[in-house]
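Okay, so here's the structure we're looking at.
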Amino acid sequence: IDSEDVASIEGSATYDPTSNTLTLDNFVYTGNVNALIYSTGIDLKIVLKGTNKLVGSVDVLEGIVINNGSLTIAGSDEYSEKASLELTVKDMCIFADDSLSIENVKLTTTTTDLPTSSTTVAICTEGDLSINSSEVTVIAGDSDGDGIIEYGSTIGIMSYGKVEITDSSVNVAANAGGFYADSRMTIDNSTVIIDGGTCGTNVADTSIKNSTVTISGEIAIETDTMY
């Protein structure tokens with residue numbers, strides 16, 4: 001981290017290269033860098049302790065970017081309350097070239113840009129997506145921080161593999177598409193709310209067990225669409 005790019009840092013962030021594990025312990029970072037967390041060629045695990053917050057300044061497009069590798073975001077059992085991460089950037093909050101796993105955390109992502117000429121995605125994985133024992137909130141396209149989605153071309157979540165949501169709550173609000181996947185979606189013992197603006201989801205092949213699923217948009221389910 002270049003100190004000239006940092007507006008503020010609190011807490012601690014430590015990296016173990018033997019296990020490719022980045023631990024954030026009540027870590028608060030605000031700064032102006034190309035990506036808040038970036039890795040290439042490794043399977044990265046991010047372990048959360050306590051309350052964590054990563055905020056990109058006005059020009060920061062990307063939050064967590066994993067090229068040629070998978071990403072796991074997991075909570076530590078050190079505290080009684082579920083560990084959390086708030087992530088706010090202009091364009092894409094999380095990208096994983098391979099699989100993305102979210103385990104035992106409270107994750108909130110917010111994108112602030114309102115693209116008009118191209119489509120952006122708040123959370124994207126080129127592989128499978130797994131959400132387990134977690135609370136995930138995705139706000140895609142809130143330009144003024146009031147929690148209201150403005151018009152634009154931002155998709156909430158996109159997975160190019162299968163999706164598994166277990167023992168979790170997932171709430172997605174976006175303005176160009178809520179939750180897109182290129183394969184089967186399995187939802188078990190979870191609550192899923194998707195408000196996609198123009199389109200809720202493209203996933204018709206969905207297994208739902210002991211769960212509540214609410215999908216809305218100008219078109220709730222459009223099965224022939226995958227950006």
Side-chain angles (χ1 to χ4, degrees), residues 63 73 82 84-96 100 102 105-126 128-227:
I73 302 175
K82 196 180 295 292
S84 66
L85 172 62
E86 294 183 25
L87 181 59
T88 303
V89 294
K90 185 177 181 180
D91 195 346
M92 178 179 289
C93 285
I94 298 174
F95 172 80
L100 170 61
I102 300 170
V105 297
K106 183 177 181 180
L107 174 66
T108 302
T109 68
T110 303
T111 62
T112 59
D113 197 16
L114 299 176
T116 57
S117 60
S118 62
T119 300
T120 62
V121 184
I123 297 178
C124 181
T125 173
E126 298 282 351
D128 297 337
L129 171 63
S130 172
I131 301 174
N132 184 44
S133 299
S134 295
E135 302 171 29
V136 177
T137 301
V138 178
I139 302 171
D142 179 11
S143 64
D144 52 13
D146 62 359
I148 299 175
I149 306 301
E150 287 82 27
Y151 177 79
S153 300
T154 305
I155 295 171
I157 300 176
M158 179 180 289
S159 170
Y160 285 87
K162 67 178 183 293
V163 176
E164 296 181 353
I165 301 172
T166 308
D167 299 326
S168 297
S169 65
V170 178
N171 194 328
V172 180
N175 54 38
F179 201 139
Y180 283 28
D182 206 21
S183 187
R184 181 177 178 82
M185 182 183 294
T186 301
I187 303 171
D188 188 3
N189 196 36
S190 298
T191 300
V192 178
I193 301 173
I194 303 170
D195 182 358
T198 56
C199 179
T201 184
N202 72 323
V203 184
D205 185 9
T206 303
S207 171
I208 302 173
K209 181 180 180 182
N210 300 326
S211 300
T212 300
V213 179
T214 304
I215 302 172
S216 61
E218 293 179 11
I219 302 173
I221 300 175
E222 187 174 11
T223 57
D224 61 348
T225 299
M226 182 67 179
Y227 282 86

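This is a predicted model, so every value here is computed, not measured. Heads up: numbering here begins at 1 and tracks the sequence.
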Can you measure from [atom1] ([X]) to [atom2] ([Y]) and round to the nearest 0.5 angstrom?
X: Asn175; Y: Thr111; atom1: CG; atom2: OG1; value: 7.5 Å
X: Glu164; Y: Thr186; atom1: CD; atom2: OG1; value: 5.5 Å
X: Ser211; Y: Asn189; atom1: OG; atom2: CG; value: 6.0 Å
X: Thr88; Y: Ile139; atom1: OG1; atom2: CD1; value: 8.0 Å
X: Thr198; Y: Glu218; atom1: OG1; atom2: CD; value: 6.0 Å
X: Thr125; Y: Tyr160; atom1: OG1; atom2: OH; value: 10.5 Å

Heavy atoms only: give me the nearest [X]-[Y] pair and the separation to one decimal.
X: Ser190; Y: Thr166; value: OG-C, 3.4 Å
X: Ile194; Y: Gly178; value: CG2-CA, 3.6 Å
X: Gly200; Y: Tyr180; value: O-CE1, 4.4 Å
X: Lys82; Y: Ser133; value: NZ-O, 3.1 Å
X: Gly161; Y: Asp128; value: CA-OD1, 3.4 Å
X: Ala174; Y: Gly156; value: CB-N, 3.5 Å

Listed partners of Asp188 passing side-chain hydrogen bond (donor to acceptor under 3.5 Å, both in side chains), at least two apart: none
With sequence neighbours excluded, residues passing side-chain hydrogen bond (donor to acceptor under 3.5 Å, both in side chains) with Asn132: none
Phe179 and Val163: CA distance, side-chain angles, deciding distance, side-chain contact (heavy atoms from CB on, under 4.5 Å) verdict: CA-CA 10 Å; Phe179 201 139; Val163 176; 3.8 Å; yes
Partners meeting salt bridge (Lys or Arg N to Asp or Glu O under 4.0 Å) with Lys106 (sequence neighbours left out): none
Set of residues satisfying salt bridge (Lys or Arg N to Asp or Glu O under 4.0 Å) with respect to Asp195, sequence neighbours excluded: none
Thr137 (side chain) donor-acceptor with Thr108 (main chain) under 3.5 angstrom: no
Side chain to side chain, Leu85 and Val105, heavy atoms closer than 4.5 Å: no
Ile94: partners by side chain to side chain contact (heavy atoms under 4.5 Å, CB included), with sequence neighbours left out: Ile64, Leu71, Ile73, Leu87, Leu100, Leu107, Thr109, Ile123
